[in-house]
Amino acid sequence: MAIAAVILAAGESRRFGPDHKVLAHLHGRPLLSHALDAVREANVFSAIYVVSGPVPLAEFCPPPICELVNNNWASGMGSSLRVALDQAQQDGMEAVVVGLADQPAVEPSCWRALAGDSSWPILVATYNGERGNPVRLAASVWPLLDGAGDYGARELMRQRPELVGELACQGDGRDIDTREDLEQWN
């Protein structure tokens, strides 16, 4: 089965401060590199897409990683997800597993497990019983995602709970939104 990993990195990062958070260093390396390492280590994806916006990220995307530029990034996460889904459809993917660039402690095992479980059209990672990211989206639900707003697939999951399964994952699904968050992780 052809499955793409998607890392959304196109947010404005306004709560973080003047520098973009995906470039901020955690344990001596840019935050984005932690998410990319987990995806690569999962070693199950047919393609890896990084959706960028206000900050170019090509230096983090050597082949076979593909940077997808969302020129409409300011409209919210929905447009970034749509950019990734359009590319996945063009590339013949049957599903995507979507995570965030600012989640440094999502384990490769979580990415791998989500990619391998096709029992639900939407499969969401949980940490200690709480839903988080990444989220697996089968191609059958892509037309239901309108690409609007700042909520990704969350609104679809709320409207169509019968499509959603949960998968308990190891690791930590918290994200880094502020400099204070980053200091706590460092």
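Positions are given from 1 along the sequence. Quantities reported herein were computed from a predicted structural model and do not represent experimental measurements.
Residue pairs meeting the side-chain hydrogen bond (donor to acceptor under 3.5 Å, both in side chains) criterion with at least one member in residues 127-141, sequence neighbours excluded: Arg131-Glu166. For residues 43-57, the set of pairs meeting the side-chain hydrogen bond (donor to acceptor under 3.5 Å, both in side chains) definition, not counting sequence neighbours, comprises Tyr49-Asp91, Ser52-Glu67. Applying the side-chain hydrogen bond (donor to acceptor under 3.5 Å, both in side chains) test to every pair with at least one member in residues 95-107, sequence neighbours left out, gives these pairs: Lys21-Asp102.
To the nearest 0.5 Å, atom CG of residue Leu57 and atom CG of residue Leu68 are 11.0 Å apart. For the atom pair CD1 of Ile7 and SG of Cys61, the computed distance is 8.5 Å after rounding to the nearest 0.5 Å. Atom CZ of residue Arg154 and atom CG of residue Leu145 lie 12.5 Å apart, to the nearest 0.5 angstrom. In this structure, CZ on Arg29 lies 10.0 Å from CG on Leu31, to the nearest 0.5 angstrom. Between atom CE of residue Met77 and atom CG of residue Leu8 there is a gap of 6.0 Å, rounded to the nearest 0.5 Å.
The shortest side-chain heavy-atom distance between Leu137 and Leu81 falls under the 4.5 Å cut-off. Residues Leu163 and Leu144 form a side-chain contact, since some pair of their non-hydrogen atoms from C-beta on lies under 4.5 Å apart. Residues Pro64 and Ile48 fail the side-chain proximity criterion, which asks for heavy atoms closer than 4.5 Å.
Residues Ala95 and Ala138 come closest through the heavy atom pair CB-CA, 4.0 Å. Nearest heavy-atom pair across Ser75 and Ser79 is OG-OG, 3.1 Å.
Listed by chain and residue number, Arg160 satisfy the side-chain hydrogen bond (donor to acceptor under 3.5 Å, both in side chains) test with Glu162 (two or more places apart in sequence, or in another chain). Under the side-chain contact (heavy atoms from CB on, under 4.5 Å) criterion, Gln89 pairs with Trp142, not counting sequence neighbours.
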May I have the step-by-step check of side chain to side chain contact (heavy atoms under 4.5 Å, CB included) for Phe60 and Ile65, ending in yes or no?
-> CA-CA 8 Å; Phe60 298 98; Ile65 300 169; over 6 Å; no
Decide side chain to side chain contact (heavy atoms under 4.5 Å, CB included) for Val51 and Val6; before the verdict, give the C-alpha distance in whole Å, the side-chain angles of both, and the deciding distance to 0.1 Å.
-> CA-CA 7 Å; Val51 182; Val6 175; 4.2 Å; yes
Identify each donor-acceptor pair in which a side-chain atom of residues 108-116 lies under 3.5 Å from a protein atom, sequence neighbours left out, and give them as a table.
unit_1: Arg112; atom_1: NE; unit_2: Ala42; atom_2: O; d: 3.2
unit_1: Arg112; atom_1: NH2; unit_2: Glu41; atom_2: O; d: 3.4

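Linking Ile, Leu, Val, Met, Phe, Trp and Tyr whenever their side-chain heavy atoms come within less than 4.5 Å leaves Trp73 and Val69 in two separate clusters.
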